[in-house]
Engineer: 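Before I ask anything, here is the structure I am working with.
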Number of protein chains: 2
Amino acid sequence: MQTNNNIYPAGLYSFQDECLSLLTGVLNVSKAVTYLVDNQRKPICYKTWQLQPAMHRQYMDTFYRVDPLHPTQFVEQTDATVVKMNDLVNSQERYNHPYYRDFISPWGVQDIVEIFLRVDNKLIAGFSLFTSKQQPEMRSEDIRKARQLHQFMQFSLEQSLDAPKHSHFKSFCEQFQLTPKERMVVELVRQGLSNKTIAANLDCSLATVKTHLQHIFCKTGVNSKAEITSQLYNQH
Amino acid sequence: MQTNNNIYPAGLYSFQDECLSLLTGVLNVSKAVTYLVDNQRKPICYKTWQLQPAMHRQYMDTFYRVDPLHPTQFVEQTDATVVKMNDLVNSQERYNHPYYRDFISPWGVQDIVEIFLRVDNKLIAGFSLFTSKQQPEMRSEDIRKARQLHQFMQFSLEQSLDAPKHSHFKSFCEQFQLTPKERMVVELVRQGLSNKTIAANLDCSLATVKTHLQHIFCKTGVNSKAEITSQLYNQH
DNA sequence: CAGGGTATCAACCAGAAGGTTGATAAAGGA
DNA sequence: TCCTTTATCAACCTTCTGGTTGATACCCTG
């Protein structure tokens, strides 16, 4: 079942179960499915909740090819976390699209919300939540809750996988548009050096280091060197 | 030889933040507060959400003594996870109880839901969720969702306690034989907090924090809080 | 019961860090 | 060319941190 060089930590499978239970328990959905994503961005390890086996089989045989929410559709958009189908595709397109006309609609589905989990910007798991035509339409309030749940699942995942966070430094610097010299200061601050030592490292005066720090504090909204460090390790 | 079951693993504090965000984001509450629980079952490390500082102060000064949802009330009931105040105490008792009459009611609170997290049957964290008198009453549906959220938080907690991430923190603390309190200080230092904030979190004086730090510096050979942080992340 | 370990707090001091103002100078784009 | 950005430095002040000393109190163990 598992492909070659794709090793998932044992906990990921139960994590998947727990997430599915959480999402279906808290959000008002009629059926749901979850999967992991392999190196080739192919969904594997499906787990379903109140989803007809025949429907799943039909998807696996045919309709995955035209699924607008398929993981391969979100290769570039690494920021796509919670995607609502009816927002992604307008009603006109839906009417003509084989995925809706021949698959989604006949199974009584009104809308689908897709939730993606990533590690290091790499998609590793997804959840499809279905609402039926009998249910009230998904409101922005529900999407907000879904995003909230996503945030916690993502946090939980990073905690348990001990996800590498080396990209934080870069994203931190870019996010606040720090200048090259300021970035150097940030890196030396991260190492726990005193201002005097930083000045020695950069071959400038203590006053200059303090000015750089002042600019960094101002740009980032942080109040101390210690906070910079904790920011670099705790994204949130 | 002292009881070491009071170790707060690295990340527990941000875990607390995330849980608070999750609960207040998904459930319909007006204010909330979370705390960790120490060996003596005393709540520490409070974090509030939309809760008036004056109300919190009033609780800390006086009313914690008569709080029917106080962690010490649930010593035996290791299965108590989600407790609704109005279920626990009937309306007759509520009317005469000083906690309701003089504290809860004047602050416009209708009901409180308490959520407990345990590790090895030992209570380690709690969340108090408040609904206001303006809100509709908590239904069993909401409690069911709260239980669902609890289940996931509990799962996530157990997962992250086993995560390799904690090995640095743990080995650092064990290597230098830091006491439970000192470990807490180390963790709060890691978060980049000032001594004053650490004191507030541990509910002790600034002087005590400085003493703990002095002992930590002495034991570890480190010279500053900033160095502690870099030690925790740079150990290989 | 004495003693070690832990936790608590106060007072004091020197030095580091944070915050502000102001100034100079090189580099690069409008 | 002017103006902005970036990098540099000084002086001044407040607050925070680190380092020290000393003291009280509790718990557990010998």
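Within every chain, numbering begins at 1; the chains are lettered A, B, ... in the order of the sequence lines, protein sequences first and strands thereafter. Computed from a prediction, not measured in an experiment: that's the story for all the values here.
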Engineer: May I ask you to check whether A:T211 and A:T208 show a side-chain donor-acceptor distance below 3.5 Å?
Structural biologist: no

Engineer: Among residues 205-216 of chain B, which residues get a heavy atom nearer than 4.0 Å to DNA chain C?
Structural biologist: B:S205, B:A207, B:T208, B:K210, B:T211, B:H212

Engineer: Nearest whole angstrom, please: distance from the P of D:dC16 to the CZ of B:F217.
Structural biologist: 16 Å

Engineer: Could you tell me how far apart A:Q177 (CD) and D:dT5 (C1') are, to the nearest whole angstrom?
Structural biologist: 12 Å

Engineer: Angle class for the B:Y35/B:Y46 ring planes (parallel below 30°, perpendicular above 60°, tilted otherwise)?
Structural biologist: tilted

Engineer: Would you indicate whether the side-chain heavy atoms of B:Q151 and B:T81 approach each other to under 4.5 Å?
Structural biologist: no

Engineer: Round to the nearest Å and state the distance from B:N223 atom CG to C:dA17 atom P.
Structural biologist: 12 Å

Engineer: Can you tell me which nucleotide in C:dG18, D:dG19, C:dC9 comes closest to the side chain of A:S224?
Structural biologist: C:dG18

Engineer: Return the 5'-most residue of the pair B:D203, B:L178 with respect to DNA chain C, ranking by each residue's nearest nucleotide.
Structural biologist: B:L178

Engineer: So, does B:Q58 use its side chain to make a donor-acceptor pair with the main chain of B:F63 at under 3.5 Å?
Structural biologist: no

Engineer: I'd like to know if B:K145 and B:D142 make a salt bridge, using a cut-off of under 4.0 Å between side-chain N and carboxylate O.
Structural biologist: no

Engineer: Would you check if the distance from the ring center of B:Y99 to the ring center of B:F103 is below 6.0 Å?
Structural biologist: yes

Engineer: A:N195 side chain N/O closer than 4.0 Å to the phosphate oxygens (OP1, OP2) of C:dA17?
Structural biologist: yes

Engineer: In this structure, how many angstroms lie between the P atom of C:dA7 and the NZ atom of B:K181, rounded?
Structural biologist: 7 Å

Engineer: Would you say A:Q154 and A:E158 are linked by a side-chain donor-acceptor pair, where the criterion is simply a distance under 3.5 Å?
Structural biologist: yes

Engineer: Can you give one letter per nucleotide of nucleotides 25-30 of chain C, 5' to 3': B if a protein heavy atom sits under 4.0 Å from the base, S if only from the sugar-phosphate, - if neither?
Structural biologist: ------

Engineer: Could you give the CD-to-C1' distance, from A:E182 to D:dT8, as a whole number of Å?
Structural biologist: 13 Å

Engineer: To the nearest Å, give me how far apart CG (A:L202) and P (D:dA7) are.
Structural biologist: 11 Å

Engineer: Can you tell me the distance, in whole Å, between the NZ atom of A:K219 and the P atom of D:dA7?
Structural biologist: 8 Å

Engineer: Round to the nearest Å and state the distance from A:L193 atom CG to C:dA16 atom P.
Structural biologist: 14 Å

Engineer: What residues form a side chain to side chain contact (heavy atoms under 4.5 Å, CB included) with B:N96, not counting sequence neighbours?
Structural biologist: B:Q92

Engineer: Please determine, by modelled atom types, if B:S132 and B:Q110 share a side-chain donor-acceptor pair under 3.5 angstrom.
Structural biologist: no

Engineer: Given C:dA17, is OP1 or OP2 found less than 4.0 Å from the side-chain N or O atoms of B:K225?
Structural biologist: no

